[in-house]
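The structure appears right after this line, and notes come after that.
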Amino acid sequence: TLGHVANLRRIAVHPFRERQMVTLKSLEMSAELGIPSLDAHLVPVDEAIADWPAVQLAEQEAYYLRHGHPVVAGRYNEMGLVRLYDQNDRFIGIGEVLPDSRVAPRRLFAAIIPGR
């Protein structure tokens, strides 16, 4: 009943596969080359939940949702977690479809407002 791990190799972390992974050594080398080189390793944050349903919000819906209010954003047959996008197709966070088909905010990203 005893054992230990001598070597561990991760080949996937859903939804990412081994070919998308970056070694620590590669990151360290990129860091020496500067921020643009590190940026080349970044993927959009919503890629991790790309298999979740997406909800596109109109400007007014996004405004109220960002202020913590559930909004009516279409009719949904299934409750559960969804990806939220504003009218400009920018990912704004994670929401949840409620039993009454409204979408409530669960985890949101701060809005980036140009000029502020």
Side-chain angles (χ1 to χ4, degrees):
T1 63
L2 299 175
H4 70 278
V5 175
N7 191 6
L8 177 65
R9 180 176 174 167
R10 187 172 308 271
I11 59 170
V13 177
H14 183 75
F16 306 107
R17 311 305 291 162
E18 185 175 17
R19 69 183 180 282
Q20 296 168 286
M21 295 180 188
V22 179
T23 65
L24 181 57
K25 183 174 181 118
S26 177
L27 283 176
E28 289 170 342
M29 289 173 24
S30 291
E32 290 175 10
L33 296 173
I35 297 297
S37 182
L38 281 172
D39 285 350
H41 296 291
L42 296 177
V43 295
V45 68
D46 59 331
E47 195 169 312
I49 55 173
D51 55 342
W52 294 11
V55 173
Q56 191 81 34
L57 301 167
E59 184 176 357
Q60 188 173 8
E61 294 166 343
Y63 173 84
Y64 284 106
L65 191 118
R66 282 186 172 120
H67 286 84
H69 302 282
V71 297
V72 176
R75 300 296 296 168
Y76 300 95
N77 296 329
E78 294 192 30
M79 294 183 303
L81 297 175
V82 294
R83 296 174 289 142
L84 301 172
Y85 296 88
D86 68 11
Q87 67 278 6
N88 297 314
D89 206 30
R90 289 181 298 225
F91 178 66
I92 60 173
I94 295 171
E96 182 177 9
V97 177
L98 303 175
D100 63 1
S101 293
R102 291 181 303 152
V103 177
R106 290 297 172 246
R107 296 291 180 266
L108 302 179
F109 287 89
I112 298 173
I113 302 170
R116 285 196 177 177

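The basis for the numbers below is simple: all heavy atoms, side chains too, and nothing from hydrogens, waters or symmetry mates. Keep in mind that what you see is a predicted model, and the values were worked out from it rather than measured.
A continuous path of hydrophobic side-chain contacts links F109 to W52 [ILVMFWY only; heavy atoms under 4.5 Å]. Cluster membership check: V45 shares its hydrophobic cluster with I94, using side-chain heavy-atom separations under 4.5 Å among Ile, Leu, Val, Met, Phe, Trp and Tyr. In the hydrophobic cluster analysis, where Ile, Leu, Val, Met, Phe, Trp and Tyr join through side-chain heavy atoms closer than 4.5 angstrom, V13 is grouped apart from L27. No single ILVMFWY cluster, assembled from side-chain heavy atoms under 4.5 Å apart, contains both Y63 and V72.
Side chains of R66 and Y64: a donor-acceptor N/O pair is absent below 3.5 angstrom, by distance only.
Across all non-hydrogen atoms, the minimal contact from S30 to L38 is CB-CD2, 3.9 Å. Nearest heavy-atom pair, L98 versus R106, reported as atom, atom and distance to 0.1 Å: CD2-NH2, 3.9 Å. Summarising the geometry of A54 relative to Y85, their closest heavy-atom pair is CB-CE1, 3.8 Å, with the distance given to 0.1 Å.
Note that CD of E61 and CD of Q56 are 9.5 Å apart. Values are rounded to the nearest 0.5 Å. Distance CZ/F91 to CG/L108: 9.0 Å, rounded to 0.5 Å. The structure places OG1 of T23 at 8.0 Å from NZ of K25, a figure rounded to the nearest 0.5 Å. Between atom CG of residue D46 and atom CD1 of residue I92 there is a gap of 11.5 Å, rounded to the nearest 0.5 Å. Rounded to the nearest 0.5 Å, atoms CG (L65) and CG (D86) are 11.0 Å apart. Of the inter-residue distances, the one linking Q87 atom CD with Q60 atom CD reads 11.0 Å to the nearest 0.5 angstrom.
The only option from M21, E47, R10 that meets the side chain to side chain contact (heavy atoms under 4.5 Å, CB included) definition with F16 turns out to be E47.
No side-chain heavy atom of D51 sits under 4.5 Å from any side-chain heavy atom of P15.
Within 6.0 Å of the CG atom in L42, the count of heavy atoms belonging to other residues, nucleotides or ligands exceeds 12.
Proximity of a side-chain donor or acceptor of E32 to a complementary backbone N or O of M29 within less than 3.5 Å is not detected. Not a single donor-acceptor pair under 3.5 Å links the side chain of S26 to the backbone N or O of V22.
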